[in-house]
Amino acid sequence: MDELLEIKKRNQRVELDKAWETSLTRRITIAFLTYVVASGWLIMIENEEPFLNALVPVAGYVLSTLSLPFVKELWLVNKK
């Protein structure tokens with residue numbers, strides 16, 4: 001009985017981890033932190049437009065998160 005309870009707890013943790021990996025909160029947090037770090041670096045190297053130029057890596061990240069589900073589907077279809 002204890003083993004069954006442990007398996008259920010583990011499954012719940014795994015489901016929560018999976019939900020976190022695909023959550024909008026996670027994506028927004030990573031995009032925000034990327035912007036802050038890129039802006040800071042660009043300010044340090046005295047870039048002329050650090051806040052505008054910091055959007056480039058953020059845009060790349062956001063685009064990659066939007067395209068990955070499509071790429072995953074293609075990969076799964078070709079794997080079968």
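Position 1 is the first residue of the sequence, and the numbers go up from there. Not measured: the values here are computed from a predicted model.
Heavy-atom minimum distance, Thr25 versus Thr29: O-OG1, 2.8 Å. Counting all heavy atoms, side chain and backbone alike, Val62 lies closest to Ala31 at CG2-CB, 4.4 Å. Among all heavy-atom pairs drawn from Arg26 and Glu21, the shortest one is NH1-O, 3.3 Å.
When side chains are defined from C-beta on, Leu74 counts as touching Phe70, because their heavy atoms get closer than 4.5 Å.
Scored by the side-chain contact (heavy atoms from CB on, under 4.5 Å) test, Leu24 finds Ile28 as partners (sequence neighbours excluded).
The cluster map of Ile, Leu, Val, Met, Phe, Trp and Tyr, joined by side-chain heavy atoms under 4.5 Å apart, puts Val37 and Leu52 in different clusters. By the criterion of side-chain heavy atoms lying less than 4.5 angstrom apart, applied directly or through intervening Ile, Leu, Val, Met, Phe, Trp or Tyr residues, Val77 is not grouped with Leu68; the two fall into different hydrophobic clusters.
Cluster partners of Val36 are Phe32, Leu33, counting Ile, Leu, Val, Met, Phe, Trp and Tyr whose side-chain heavy atoms approach within less than 4.5 Å, directly or via other members.
For the atom pair CZ of Arg27 and CG of Leu66, the computed distance is 7.0 Å after rounding to the nearest 0.5 Å. Atom CG of residue Asn47 and atom CG of residue Asn53 lie 4.5 Å apart, to the nearest 0.5 angstrom.
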Kindly list each side-chain donor-acceptor pair under 3.5 angstrom involving residues 9-20, sequence neighbours excluded, with atom names and distances?
none

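Listed for the Tyr35 side chain is no donor-acceptor partner under 3.5 Å among the backbone atoms of Pro57.
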